[in-house]
Protein chains: 4
Amino acid sequence: MKTSDKRTDVLQAALELITERGFHGAPMAEIAKKAGVAAGTIYRYFESKDMLITELHRELEDRIVAALRDGYPSGRPLRERFLYLIGALLRYLIAHPLHFRYMEQYFNSPYGISLHRDRLLGKPGSHDILMDIFKQGMEERVIKEFPKAVLFSLAFGPMISLLRDHILGFIVLDDTLIEQITEACWDSIKRNNTA
Amino acid sequence: MKTSDKRTDVLQAALELITERGFHGAPMAEIAKKAGVAAGTIYRYFESKDMLITELHRELEDRIVAALRDGYPSGRPLRERFLYLIGALLRYLIAHPLHFRYMEQYFNSPYGISLHRDRLLGKPGSHDILMDIFKQGMEERVIKEFPKAVLFSLAFGPMISLLRDHILGFIVLDDTLIEQITEACWDSIKRNNTA
Amino acid sequence: MKTSDKRTDVLQAALELITERGFHGAPMAEIAKKAGVAAGTIYRYFESKDMLITELHRELEDRIVAALRDGYPSGRPLRERFLYLIGALLRYLIAHPLHFRYMEQYFNSPYGISLHRDRLLGKPGSHDILMDIFKQGMEERVIKEFPKAVLFSLAFGPMISLLRDHILGFIVLDDTLIEQITEACWDSIKRNNTA
Amino acid sequence: MKTSDKRTDVLQAALELITERGFHGAPMAEIAKKAGVAAGTIYRYFESKDMLITELHRELEDRIVAALRDGYPSGRPLRERFLYLIGALLRYLIAHPLHFRYMEQYFNSPYGISLHRDRLLGKPGSHDILMDIFKQGMEERVIKEFPKAVLFSLAFGPMISLLRDHILGFIVLDDTLIEQITEACWDSIKRNNTA
DNA sequence: GATGAATGAGGCTTCATTCAT
DNA sequence: CATGAATGAAGCCTCATTCAT
C-alpha cells in the first residue's frame with residue numbers, strides 16, 4: 001500500500017504553502033521540498049505552475065461540490081433545502097479552512113477572473129441546485145424578485161466574510177450560531193409576507 | 001497649483017496597473033513609466049514596493065471612509081442610518097471600481113492578511129459608526145442578537161459579491177436595485193418582531 | 001528475422017528528430033518515444049547522448065562511403081572516375097536528405113570540430129580514393145597544381161551548398177543538371193591546357 | 001571617451017564564446033561574465049538570447065557587406081569584378097575567422113534556416129552585386145547557362161570549405177594561392193570557349 | 001531632487017542520466 | 001534486459017533596488 005502518491009503530495013504541499021504565503025510566495029522549489037520530491041518531479045504531474053494552481057482549484061471544487069450534494073434533502077421544502085445548502089457549505093469550509101483560503105485567493109487572482117460567475121459553486125452541479133431553488137422560490141413568490149446574481153450574493157456573501165473572521169479567530173462559529181446565521185441569510189432573500 | 005505631484009502620480013499609476021494586472025504583474029519600472037517618472041524616483045516617496053502598496057491601501061481607505069462620513073444622517077433613526085451606510089459604500093465603490101478592485105486584491109494577499117478585522121471599513125472612523133449602530137440596535141432589540149462580526153458580515157458580505165458581479169458586467173446596479181438590496185441586508189439583521 | 005533491432009530504432013529516431021529540430025531540440029526522452037523504447041533503454045546501447053550522436057555520425061559515414069565505393073569505375077580514366085565520385089555522392093545525398101542534414105549539423109557543432117579534415121568523406125576509404133585521383137591527376141598534369149585540401153574544396157564545396165538549396169526547394173537537381181554541375185567542378189580543378 | 005560600450009562588449013563576448021563552444025555551450029551567464037557585466041544587463045540591450053544571436057548575425061553581415069562594397073571595381077570587366085568579390089570575401093573572412101565561424105554556425109542552426117537563400121551574402125547589397133554579375137555574364141554568354149543558385153554554389157561553395165581548412169591550419173591561404181583559387185572558381189562558371 | 005543603467009538574487013522550467021522494479 | 005519515474009544541475013529571464021551622474 002502506497003501511502004504517498006507523489007501527485008497528491010505535491011497538491012497538498014502546494015495547498016499549504018499557497019494558502020500560507022500566496023501564489024507568489026510559494027516557489028516551485030519550496031513546494032517540491034515540502035512535498036518531499038525533487039523540483040523536476042512536479043513537472044511529471046503538472047505542465048506548469050499555472051496548471052498546478054488550476055488543477056488544485058479544480059480538485060478542491062470537486063470535493064466541495066461532492067460535500068454539498070451529499071445529504072442534500074432533495075424532496076424537502078424550499079426553505080429547508082436552502083438552509084441545508086448554506087449550512088453544509090459553511091460547515092465544510094470551517095472543517096477545511098485551507099480549502100477556503102485557497103479558493104478565495106484563486107478567485108482574486110488572474111487565474112480566477114476568467115471563472116467569473118462560476119465561483120465557489122461554479123461546477124454545474126451545486127450551482128444548478130441553488131439556481132433551481134431560486135427559480136422555484138420566485139415562481140412560488142416565496143423569495144424576493146431579484147436577479148439571480150443578487151440572490152446569490154445575499155445568500156453567500158456573508159459566509160465568505162464570516163469564514164475569514166472565523167479562521168482569524170475573531171468569532172467562533174458553533175452549530176447554534178451557524179443555524180442562526182443561515183436563517184438570517186434566508187431572511188434576506190425570503191419575501192416579507194406583507195400580507 | 002501643482003497639477004502633478006509626483007507622489008500622487010505614482011499612486012495613481014500603481015492603482016491602475018495593479019488593479020489591471022495584479023501586484024506581481026506591476027513591476028516598479030512600469031509603474032514609474034506610467035507615472036511619468038524614473039524608476040528610482042519612486043523610492044524617494046516610498047521605501048519599497050511593499051510600502052507603496054500598503055500606503056496606497058491606506059489612502060484609498062481614507063477616501064472611502066471620508067465618503068461614508070460625508071452626508072451621514074447622524075440624528076436620524078437607526079434603520080435609516082444603516083441603509084445610508086450600506087448604500088453610500090455601494091455607490092462609492094460603483095463610482096470607483098478601481099478602488100474596489102484594489103482593496104479586494106489587497107485583502108486577498110499576504111499584505112492584507114495582517115490586517116485582519118480592519119477590512120474595507122477598517123479605519124476606526126466608519127467602523128465605529130457601524131458598531132454604534134449595531135450596539136444601539138441590539139440594545140433597543142431592533143437588531144438580532146449576534147456577535148458584531150456576524151452582523152458586519154451579514155451587512156457587508158453581499159455587497160462585495162455584488163460589486164464583483166457589477167464590475168464584471170453580470171448585473172447592473174441601478175438606484176432602484178441598490179435600494180432593494182440594502183433593504184434586503186437590513187432584513188437579514190433586523191429582528192423579526194414576531195413577538 | 002529481427003525487423004526491429006532496438007539499437008537501429010534508436011539511431012533512426014535520433015536521425016529524424018535531430019535533423020528536424022537540431023541536437024538540442026531532440027531530448028533523449030523524445031528519441032526514446034519515437035524509437036518505441038524506454039528512455040533508460042537507450043543507455044544500454046549508447047553510453048551517453050554524445051556517444052549516440054557520434055555513433056550515428058559514424059554509421060552514416062560508413063553508408064555513404066560504401067555507396068561511393070559501390071560501382072566505382074576503378075579502371076577508367078581520371079576524369080570519369082572524378083565525375084563518378086562527385087555525381088555518386090550528390091545522388092546519394094539527394095536520395096538521403098536526412099543523412100546530409102545530419103552530417104551538416106554534426107560538422108557545424110562542437111562535436112564535428114574535433115573531426116577536422118575527416119569530413120563528409122573522412123573515412124580513409126573514400127578519402128583515399130579521391131586523394132589518389134588528385135595525386136595521379138597532378139602527376140599527369142591533368143589537374144591543377146594545388147594542395148589537396150584546395151582541390152578537395154573545389155570539388156566538394158559547391159555540392160554542399162547545392163544540396164542545401166535542393167533540400168530547401170530552391171532548385172531541382174535533376175540528372176541533366178547534376179551532370180553539368182559535376183563537369184563544372186571538373187573545370188575548376190582541371191588544368192587549362194592552354195600551353 | 002568610453003572605450004567600453006556595454007552593448008559592444010556583450011556582442012564581442014558572445015561572438016567569442018559562441019564560436020568557441022556553440023550556441024548551447026555559451027550560457028548567458030558566461031557571456032555576461034566575459035563581457036564584464038551582470039547577467040541581467042544583457043537584457044537591457046537584447047530582448048532574449050535569440051535576439052542577441054540574431055542581432056550579432058546582422059552586425060557581422062553588415063560589416064562583411066561593407067567590406068565587399070569597399071573597393072569594388074564597378075566599372076571594370078566582368079571577370080575582374082567577379083574575382084574581386086570572391087577574393088575580397090575570402091580575405092575578409094581569413095582576417096576575421098570568428099566572423100566566419102559564427103556565420104557558419106548561424107546558418108546551420110534553426111535561426112539561419114529561415115534565412116535560406118539570403119546566406120553569407122544575404123543582404124540585398126552584395127547579393128545583388130553578385131546576381132548582376134551572373135545575369136550580365138549569362139547574357140553576354142561569358143558564363144555558363146545555370147540557375148543562379150548553381151552559379152552561386154560554384155562560386156562560394158569552395159570558399160567555405162577552404163576557410164575551414166585554413167582556420168584549422170590544414171592549409172595556408174596566402175595571396176598567391178587566393179588568386180589561383182579565385183581563378184579556379186571562375187573556371188568553373190565561365191563558359192568553355194569551345195569555339 | 002531626479003534619473004535610469006546596472007545589478008544579481010531568485011523564479012520557472014528542461015532534460016540527461018540513474019536505478020528500483 | 002527493459003522500463004520510466006525520479007532526480008537535480010543548469011539554463012533563461014525578471015525585477016526590486018541601488019547609485020553615479
Side-chain angles (χ1 to χ4, degrees), chain A residues 2 5-7 9-10 23-33 35-53, chain B residues 6-7 9-10 23-33 35-53, chain C residues 6-7 9-10 23-33 35-53, chain D residues 2 5-7 9-10 23-33 35-53:
Chain A
K2 252 193 245 186
D5 163 30
K6 286 205 195 328
R7 199 189 113 97
D9 293 347
V10 169
F23 291 121
H24 296 280
M28 291 299 260
E30 211 134 334
I31 293 174
K33 198 168 71 177
V37 302
T41 301
I42 298 182
Y43 291 86
R44 291 202 69 73
Y45 299 100
F46 307 95
E47 234 173 64
S48 64
K49 189 175 185 182
D50 276 19
M51 286 307 242
L52 166 58
I53 287 169
Chain B
K6 285 196 204 307
R7 201 189 110 97
D9 293 346
V10 169
F23 291 121
H24 296 277
M28 291 298 261
E30 212 141 332
I31 293 173
K33 197 170 73 177
V37 303
T41 304
I42 297 183
Y43 290 84
R44 293 234 151 257
Y45 299 99
F46 306 95
E47 219 174 80
S48 66
K49 190 177 185 183
D50 277 19
M51 287 307 255
L52 166 58
I53 286 168
Chain C
K6 285 197 206 305
R7 201 189 110 95
D9 293 347
V10 169
F23 291 121
H24 296 278
M28 292 297 261
E30 212 141 331
I31 293 174
K33 197 170 75 178
V37 303
T41 303
I42 296 182
Y43 289 85
R44 292 234 151 257
Y45 299 99
F46 305 95
E47 218 174 81
S48 67
K49 189 176 184 182
D50 277 18
M51 288 306 256
L52 166 58
I53 286 169
Chain D
K2 249 191 248 187
D5 164 30
K6 286 204 196 328
R7 200 189 112 97
D9 294 347
V10 169
F23 291 123
H24 297 279
M28 291 299 260
E30 211 134 333
I31 293 174
K33 198 168 72 178
V37 303
T41 301
I42 297 182
Y43 291 87
R44 293 202 70 72
Y45 299 100
F46 306 96
E47 236 174 60
S48 64
K49 190 177 184 181
D50 276 20
M51 287 306 242
L52 166 58
I53 286 168

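Throughout, protein chains are lettered first and strands after them, A, B, ... in sequence-line order, and every chain is numbered starting at 1.
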Exercise. Answer yes or no: does a side-chain N or O of A:Y43 lie under 4.0 Å from OP1 or OP2 of F:dA6?
Key: no

Exercise. Nearest whole angstrom, please: distance from the C1' of F:dA16 to the CD of B:E47.
Key: 14 Å

Exercise. Could you run through DNA chain E and flag its stems, i.e. three or more consecutive Watson-Crick or G-U pairs with both distances under 3.5 Å?
Key: E:2-21 with F:2-21

Quiz item: D:K33 has an atom NZ; how far is it from atom P of E:dG8, in whole Å?
Solution: 13 Å

Quiz prompt | Position toward the 5' end of DNA chain E (nearest nucleotide), C:S48 or A:A29 | solution = A:A29

Practice problem: Provide, to the nearest angstrom, the distance between the CD atom belonging to D:E30 and the P atom belonging to E:dG8. | Solution: 17 Å

Quiz prompt | Student check: side-chain heavy atoms of D:Y45 and D:T41 closer than 4.5 Å | solution = yes

Exercise. List the atom of D:I31, the atom of D:V10, and the distance in Å for their closest heavy-atom pair.
Key: CG2-O, 4.0 Å

Quiz item: Rounded to whole angstroms, how far apart are CZ on B:F46 and C1' on F:dA16?
Solution: 15 Å

Quiz prompt | Rounded distance in Å - CE (D:M28) to P (E:dA9) | solution = 17 Å

Self-check item: Whole-Å gap separating P (F:dA9) and NE2 (D:H24)
Solution: 22 Å

Quiz item: Any side-chain N or O of C:Y45 under 4.0 Å from OP1/OP2 of F:dC1?
Solution: no

Quiz item: For F:dC1, does either OP1 or OP2 sit under 4.0 Å from a side-chain N or O belonging to C:R44?
Solution: no

Quiz item: Taking for each residue the nucleotide of DNA chain F with the nearest heavy atom, is it A:G40 or D:D50 whose nucleotide lies nearer the 5' end?
Solution: A:G40

Exercise. Can you figure out which of F:dT7, E:dT7, E:dG4 approaches the side chain of D:T41 most closely?
Key: E:dT7

Quiz item: Taking all non-hydrogen atoms of both residues, which atom of D:K49 and which atom of D:F23 are closest, and how far apart?
Solution: NZ-O, 2.9 Å

Quiz item: Of all heavy-atom pairs between D:P27 and D:G25, which one has the smallest distance, and what is that distance?
Solution: CD-O, 3.3 Å

Quiz item: If you find the nucleotide of DNA chain E closest to A:A26 and the one closest to C:A39, which residue's nucleotide is nearer the 5' end?
Solution: A:A26

Quiz item: With nearest nucleotides of DNA chain F determined for C:V37 and D:P27 from heavy-atom distances, which residue corresponds to the more 5′ nucleotide?
Solution: C:V37

Quiz prompt | D:D9 CG - E:dA6 C1' separation (whole Å) | solution = 13 Å

Quiz item: For A:K49 and E:dG10, what is the distance between atoms NZ and C1' respectively, to the nearest whole Å?
Solution: 12 Å

